[in-house]
K.L.:
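Let me give you the structure first, and then I'll get to my questions.
The first residue in the sequence is number 1, and the count goes up from there.
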Amino acid sequence: MNVLSLLSASQNFIDFAVEKIGSVNLNWIGKLISWLFDIFSGVSGGVIIGVVVFTLCLKTIVLPLDIYSKVKTKKQSLIMEKMRPQMEKLQKQYANDKTMYSQKVMELQKQNGYSPLGACLPMIVSLVIFIVVMGAFSTYSNYAIITTYNHMVDAYNQSVEVYVQTSAEDTDKKHFLVGENGSYKVIFDNFTEYYCSEKKLSDEEKTKFLNEFNDKNEAGKFKVVSEFVRVNAQRAAANFYYENNKVNRFGWIGNVWYPDSMLNKVVPDYSKFKSSISRASNGSDIASYEESYNEVTYFLRNVDPENPDITAKKLPGKTYNGYFVLIVLSIGLMFLQQFIMSRSQKAANELSSVDGSAAKTTKWMMVMMPIIFGAVSFMYSAAFSTYMIISTVYGLVSTLIINKIVAVTFEKKGDDYLNKNKKPITRKRLK
């Protein structure tokens, strides 16, 4: 609501009303995430706790698919290792004939029940889930950022409304921004009386203030009144942020809805804020909100609310939002995951191609996947980076456990465990 719509006589000098930004629509996943975060809204670092719970629940739901995929992958790796002598013989025999080598390998794989595509479907499902969740987190990040800003707008405007007289019967001097039938003299008289009372000025201080105020022309008096209202409104917006942002803080991260990066501030300037909400603006001209944004976040970027006359050294608008910790963790854990996968599929990587090109591809994946994960962590919120890290750790632990179980089962049951899908050798009868 525009504060100016409440005023009449004061419209000429209260020119700093601020505007809300349209809300972001959440899909059912976003609403589920919102519901989960609301449960922990009263806890410091509640968002990260919600992310951890969400990730563990999601990974547990899709665990049967993961188990199937990992068991299938490990079994295929064991089958490939069993075929190694024959595969190596074929590599030497058809070293110069890739086509014939591929044909013979397919025959050998079919004979031994090896299916390289057996574990693909669950992996595709997992990839789709990852993409969907990434989109949901991105949308919710915008939703959370805009919601916080809009609440600060409310706090700012409500602070201004405190001084507005809404009825002719209201004689409270605090409501010095009088209504339609007021006059500038009434505004100034009410303001000076309220100001002296609010600041608890001594008689000497009161006399000095009134003399200085009355010596000003009308424009100068307007400026004093408007600055008083403005500063209190800016302070109210900042106080709301400080009182309600604990749920979005976690350790070294000031705001989990921005990346864990020294290139981001806890409360960014408008260019960063604009880029964060551009995809959720529904085509509106978000550049028009710059003046409002700068007004609402002024104290967070420039002044300590407790000491409004002193520029603070550590403000959300001047403090790094993070130190790349989650980005480094994402890269390191993904590299570890790729390393473990390459080790468990060593035979397949070395023998699936006659010239060992599959092994080279795997090495490239060990480099590319961590870089991709690092880039995603760099561009997306710290909340989503946390999701990726917990998901990767969950996947690593489950992979190690499943691989161990399959290996032990193979040692106990031997070839019978691997030969369930083995095709019988059939020969055509000669006529």
Side-chain angles (χ1 to χ4, degrees), residues 37 40-41 43-52 134 137-138 140-149 151-152 234-235 237-280 286 289-290 293-308 310-334 370-390 392:
F37 289 163
F40 303 101
S41 60
V43 182
S44 181
V47 169
I48 294 299
I49 297 173
V51 170
V52 173
M134 181 171 67
F137 264 95
S138 178
Y140 190 83
S141 295
N142 293 322
Y143 170 84
I145 291 169
I146 292 174
T147 299
T148 298
Y149 170 75
H151 285 322
M152 290 174 64
Q234 291 171 337
R235 184 184 292 113
N239 285 338
F240 173 87
Y241 179 87
Y242 285 120
E243 291 168 6
N244 293 275
N245 192 55
K246 65 178 183 178
V247 69
N248 295 325
R249 293 185 60 86
F250 181 76
W252 65 95
I253 304 170
N255 189 338
V256 298
W257 300 118
Y258 289 106
D260 175 13
S261 167
M262 295 178 70
L263 300 181
N264 291 86
K265 304 296 184 184
V266 178
V267 174
D269 58 24
Y270 186 72
S271 62
K272 289 283 188 180
F273 176 78
K274 181 173 65 174
S275 65
S276 298
I277 66 169
S278 59
R279 286 173 293 178
I286 58 176
Y289 294 107
E290 182 171 4
Y293 180 82
N294 291 338
E295 181 70 24
V296 170
T297 62
Y298 181 81
F299 267 52
L300 299 176
R301 293 179 293 105
N302 298 283
V303 182
D304 183 349
E306 299 301 323
N307 302 284
I310 303 174
T311 301
K313 295 180 180 179
K314 292 186 177 181
L315 292 171
K318 296 183 181 295
T319 306
Y320 297 132
N321 194 52
Y323 302 96
F324 306 107
V325 176
L326 296 182
I327 297 174
V328 172
L329 278 175
S330 297
I331 294 173
L333 287 170
M334 179 48 61
I371 291 176
I372 292 172
F373 260 55
V376 171
S377 296
F378 187 81
M379 293 185 294
Y380 285 81
S381 67
F384 184 68
S385 296
T386 303
Y387 163 78
M388 291 197 302
I389 289 170
I390 300 300
T392 303

K.L.:
Show the nearest heavy-atom pair for residues S330 and I389, with the distance to one decimal.
P.N.:
OG-CG1, 3.6 Å
K.L.:
Between S41 and F37, is there a donor-acceptor pair closer than 3.5 Å when you use the side chain of the first and the backbone of the second?
P.N.:
no
K.L.:
Below 4.5 Å, heavy atoms only, C-beta onward: do F273 and Y149 meet side chain to side chain?
P.N.:
yes
K.L.:
Would I331 and I371 count as a side-chain contact (heavy atoms from CB on, under 4.5 Å) here? Give the steps.
P.N.:
CA-CA 7 Å; I331 294 173; I371 291 176; over 6 Å; no
K.L.:
Using the rule given for side-chain contact (heavy atoms from CB on, under 4.5 Å), can you reason through E295 versus Q234, listing the C-alpha separation, both sets of side-chain angles and the distance that settles it, and then say yes or no?
P.N.:
CA-CA 7 Å; E295 181 70 24; Q234 291 171 337; 3.0 Å; yes
K.L.:
For F250, give me all partners under side-chain contact (heavy atoms from CB on, under 4.5 Å), at least two apart in sequence or on another chain.
P.N.:
I48, V256
K.L.:
Please name all residues satisfying side chain to side chain donor-acceptor pair (under 3.5 Å) with Y258, sequence neighbours left out, ordered by chain then number.
P.N.:
none
K.L.:
Specify the closest pair of heavy atoms between F373 and M388, including all atoms of both residues, with the distance to one decimal.
P.N.:
O-CE, 3.8 Å
K.L.:
Are the side chains of W252 and L326 in contact, using a 4.5 Å heavy-atom criterion?
P.N.:
yes
K.L.:
So do Y323 and I253 actually touch side chain to side chain, heavy atoms under 4.5 Å?
P.N.:
no
K.L.:
With sequence neighbours left out, what residues match T297 under side chain to side chain donor-acceptor pair (under 3.5 Å)?
P.N.:
R301
K.L.:
Looking only at side-chain N and O atoms, does N302 offer a donor or acceptor that is under 3.5 Å from a partner on Y298?
P.N.:
no
K.L.:
Could you tell me the separation between the CH2 atom of W257 and the CZ atom of F137, rounded to the nearest 0.5 Å?
P.N.:
6.5 Å
K.L.:
Flag the pair N239 / F299 as yes when at least one side-chain heavy-atom distance between them is below 4.5 Å, and no otherwise.
P.N.:
no
K.L.:
On a heavy-atom basis, which atom in N245 and which in G254 lie closest, and how many Å separate them?
P.N.:
ND2-O, 3.3 Å
K.L.:
Quick one: pull up OH in Y140 and CD1 in I145 and give me the separation to the nearest 0.5 Å.
P.N.:
11.5 Å
K.L.:
Might you confirm whether atom OH of Y320 has over 12 heavy atoms from other residues, nucleotides or ligands at distances under 6.0 Å?
P.N.:
no
K.L.:
For the atom pair CG (N244) and CE (M152), what is the distance rounded to the nearest 0.5 Å?
P.N.:
10.5 Å
K.L.:
Could you go step by step and tell me if V47 and F40 meet the side-chain contact (heavy atoms from CB on, under 4.5 Å) rule?
P.N.:
CA-CA 7 Å; V47 169; F40 303 101; over 6 Å; no
K.L.:
Going from OH on Y143 to OG on S138, what distance comes out if it is rounded to the nearest 0.5 angstrom?
P.N.:
15.5 Å
K.L.:
With the side chain counted from C-beta on, respond yes when Y241 and P316 share a heavy-atom pair under 4.5 Å apart, and no when they do not.
P.N.:
yes
K.L.:
Could you report the tightest heavy-atom contact between G322 and D260, atom names first, then the distance?
P.N.:
CA-OD1, 2.9 Å
K.L.:
Rounded to the nearest 0.5 Å, what separates atom OG in S261 from atom CE in M379?
P.N.:
12.0 Å
K.L.:
Just so I know, are the side chains of N255 and V267 near enough to count as touching, which here means a heavy-atom distance under 4.5 Å?
P.N.:
no
K.L.:
Identify the residue among V51, T392, V52 that makes a side chain to side chain contact (heavy atoms under 4.5 Å, CB included) with Y387.
P.N.:
V51
K.L.:
Indicate the atoms forming the closest heavy-atom contact of S377 with P259, along with that distance.
P.N.:
O-CB, 4.1 Å
K.L.:
Output, in order, the C-alpha distance, side-chain angles, deciding distance and verdict of side-chain contact (heavy atoms from CB on, under 4.5 Å) for N264 and F378.
P.N.:
CA-CA 10 Å; N264 291 86; F378 187 81; over 6 Å; no
K.L.:
What is the distance from atom CG of L329 to atom CZ of F324, rounded to the nearest 0.5 Å?
P.N.:
14.0 Å
